[in-house]
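To start, the structure itself, in structure tokens.
Lettering follows sequence order; numbering is per chain, from 1.
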Protein chains: 2
Amino acid sequence: MTARDALVDAAKTLLSTQGYEATSPRDVQASSGVGQGSFYHHFAGKADLAFAALLSLADEMSDAFDSLADGDGIDLIGGYLNVPRDALSGCRIGRIAMESSMADDRIRVPIAGYFSHMRLRLTGAFSLLDTGIAPEALADLAIATVQGGYVLARVTADPQALRNATSALDSLIRSFGATGDDR
Amino acid sequence: MTARDALVDAAKTLLSTQGYEATSPRDVQASSGVGQGSFYHHFAGKADLAFAALLSLADEMSDAFDSLADGDGIDLIGGYLNVPRDALSGCRIGRIAMESSMADDRIRVPIAGYFSHMRLRLTGAFSLLDTGIAPEALADLAIATVQGGYVLARVTADPQALRNATSALDSLIRSFGATGDDR
DNA sequence: GTCTATAGAACGATAGAC
DNA sequence: GTCTATCGTTCTATAGAC
């Protein structure tokens with residue numbers, strides 16, 4: 001593996017677990033095994049490495065999202081809401097949202113790519129249901145429930161808080177009759 | 001105003017806007033106008049000042065929550081979901097949830113106090129409705145929707161994302177018939 | 001109780017040999 | 001392209017005069 005790839009891989013892990021601001025170039029260098037100077041040979045600075053790492057992470061997570069369900073209806077919504085999550089660790093990519101560095105497009109834009117991907121798929125799934133509520137807004141609600149569930153779980157130190165939130169939303173949505181394809 | 005109070009006040013503002021890790025003792029000292037040494041005369045360290053500041057902030061925000069509605073039913077839920085928010089700034093206290101310092105009880109516990117307060121009030125409000133879903137879980141859903149709405153708004157750089165999520169949840173809940181007291 | 005001055009470590013980034 | 005060495009700054013915290 002080339003030094004550049006080693007840096008990106010190490011950055012993905014560190015950004016996922018510590019966020020952006022808490023991850024120093026030194027951390028990435030030490031964790032990847034490359035020397036101090038190689039970092040700045042391949043990247044202009046910390047934010048440029050983060051851009052590359054977050055693009056790759058967003059792709060990876062978008063793929064993981066796509067493998068949550070076969071179909072496009074209530075299956076996808078239920079799959080997304082009910083997939084097991086490590087609630088106390090927080091979302092690997094959403095955790096960065098509250099940092100000041102979101103003002104930097106090299107940080108925000110790759111993250112936004114992942115959320116746009118989910119939003120598009122979920123909007124499609126909700127438009128197959130008959131709720132009388134805008135499918136885009138329901139997609140935002142589903143995503144917000146998961147992201148906020150992480151917040152609540154970490155604040156209360158109780159992973160159940162995330163499951164409470166997602167399963168309550170799942171119940172609310174299913175009470176609308178789930179257009180036939182619920183098995 | 002005593003130096004201690006000036007430090008706590010400055011810390012509340014800085015923690016609200018930058019989070020914990022991004023707020024340095026120097027920032028607080030400069031912003032409060034006191035000298036370098038006074039900080040460590042009144043507090044054992046950064047985490048101890050944060051504890052005092054977060055306790056006060058949580059109290060303040062709990063009071064603000066209580067003034068959202070007169071009653072205890074759908075009024076409170078609707079009031080909480082629909083109150084105008086500065087979506088792109090993030091929640092003044094929830095923004096800290098994803099930082100590593102949540103492992104320190106001096107940071108987590110005062111924040112948890114605010115969330116417990118909301119959870120208790122919202123659980124009471126939801127138990128007046130007839131949804132067939134656990135009121136505690138619905139309370140967690142409402143809180144998660146707001147917190148996750150902040151995340152989504154910041155990621156997409158669009159404040160509308162938070163309003164989408166809260167108003168979609170409001171619509172879902174009201175479609176259950178809102179036990180009579182909706183005007 | 002308040003202040004100025006400064007400690008020792010980590011920060012993001014650069015220099016320059018090989 | 002990779003490395004070691006180091007820059008100037010900021011971090012959290014302490015020393016010690018007044």
Side-chain angles (χ1 to χ4, degrees), chain A residues 1-56 95-96 98-108 110, chain B residues 1-56 95-96 98-108 110:
Chain A
M1 177 154 52
T2 166
R4 198 197 130 99
D5 290 345
L7 286 164
V8 171
D9 270 14
K12 280 171 68 176
T13 301
L14 290 169
L15 291 172
S16 294
T17 53
Q18 314 183 90
Y20 174 73
E21 277 154 29
T23 299
S24 72
R26 273 179 151 82
D27 288 339
V28 182
Q29 288 152 13
S31 166
S32 66
V34 308
Q36 299 269 15
S38 295
F39 185 107
Y40 294 96
H41 174 75
H42 292 289
F43 301 97
K46 178 180 170 176
D48 285 282
L49 169 58
F51 178 70
L54 290 172
L55 270 184
S56 169
R95 66 175 313 134
I96 298 171
M98 288 303 156
E99 301 190 21
S100 311
S101 4
M102 287 295 285
D104 188 333
D105 277 347
R106 292 170 296 181
I107 308 302
R108 191 187 62 79
Chain B
M1 177 154 53
T2 165
R4 198 198 130 98
D5 290 345
L7 286 164
V8 171
D9 270 15
K12 281 170 68 175
T13 301
L14 290 170
L15 292 172
S16 294
T17 52
Q18 315 183 94
Y20 174 72
E21 277 153 28
T23 299
S24 72
R26 269 179 154 83
D27 287 339
V28 182
Q29 288 153 12
S31 165
S32 66
V34 308
Q36 300 269 14
S38 296
F39 185 108
Y40 294 96
H41 175 75
H42 292 288
F43 300 97
K46 179 181 170 176
D48 284 282
L49 169 58
F51 178 69
L54 290 172
L55 270 184
S56 169
R95 66 177 312 133
I96 299 172
M98 288 304 156
E99 301 191 21
S100 311
S101 5
M102 287 295 283
D104 188 333
D105 277 348
R106 291 169 296 182
I107 308 302
R108 190 187 60 79

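For His42(B) and dC3(C), the NE2 to C1' distance is 12 Å, given to the nearest whole Å. In this structure, Asp5(A) places its CG atom 10 Å from P of dT2(D), rounding to the nearest Å. Between His41(B) atom NE2 and dC18(D) atom P there is a gap of 19 Å when expressed in whole angstrom units. Counting to the nearest Å, the C1' atom of dT2(D) and the CZ atom of Arg4(A) are 16 Å from each other. Regarding Tyr40(B), its OH atom lies at a distance of 16 Å from the P atom of dT4(C), rounded to whole Å. Regarding Leu7(B), its CG atom lies at a distance of 15 Å from the C1' atom of dA13(D), rounded to whole Å. Taking atom CG of Leu49(B) as the reference point, atom P of dA13(D) lies 11 Å away to the nearest angstrom. A straight line from CZ of Arg26(A) to P of dA5(D) spans 13 Å, rounded to a whole angstrom.
Comparing Gln29(B) and Ala3(A) along DNA chain D, the residue whose closest nucleotide (by nearest heavy atom) sits nearer the 5' end is Ala3(A). If Gly37(A) and Glu21(A) are placed on DNA chain C by their nearest nucleotide, the residue sitting closer to the 5' end is Glu21(A). Toward the 5′ end of DNA chain C lies the nearest nucleotide of Ser38(B), the other residue of the pair Ser38(B) and Gly45(A) mapping further downstream.
Residue Ser56(B) holds its OG atom at 7.0 Å from CG of Asp9(B), rounded to the nearest 0.5 Å. Expressed to the nearest 0.5 Å, how far CG of Leu54(B) lies from CZ of Arg106(B) amounts to 11.5 Å.
Counting heavy atoms from C-beta on, the side chains of Asp27(B) and Gln18(B) come closer than 4.5 Å. Proximity of Phe39(B) to Ser32(B): side-chain heavy atoms (C-beta onward) are nowhere separated by under 4.5 Å.
For Lys46(A), taking side-chain heavy atoms from C-beta onward, the closest of the listed nucleotides dG1(C), dC3(C), dA13(C) is dA13(C). Comparing dG12(C), dC3(D), dC11(D) by their closest approach to the side chain of Ser24(A) singles out dG12(C).
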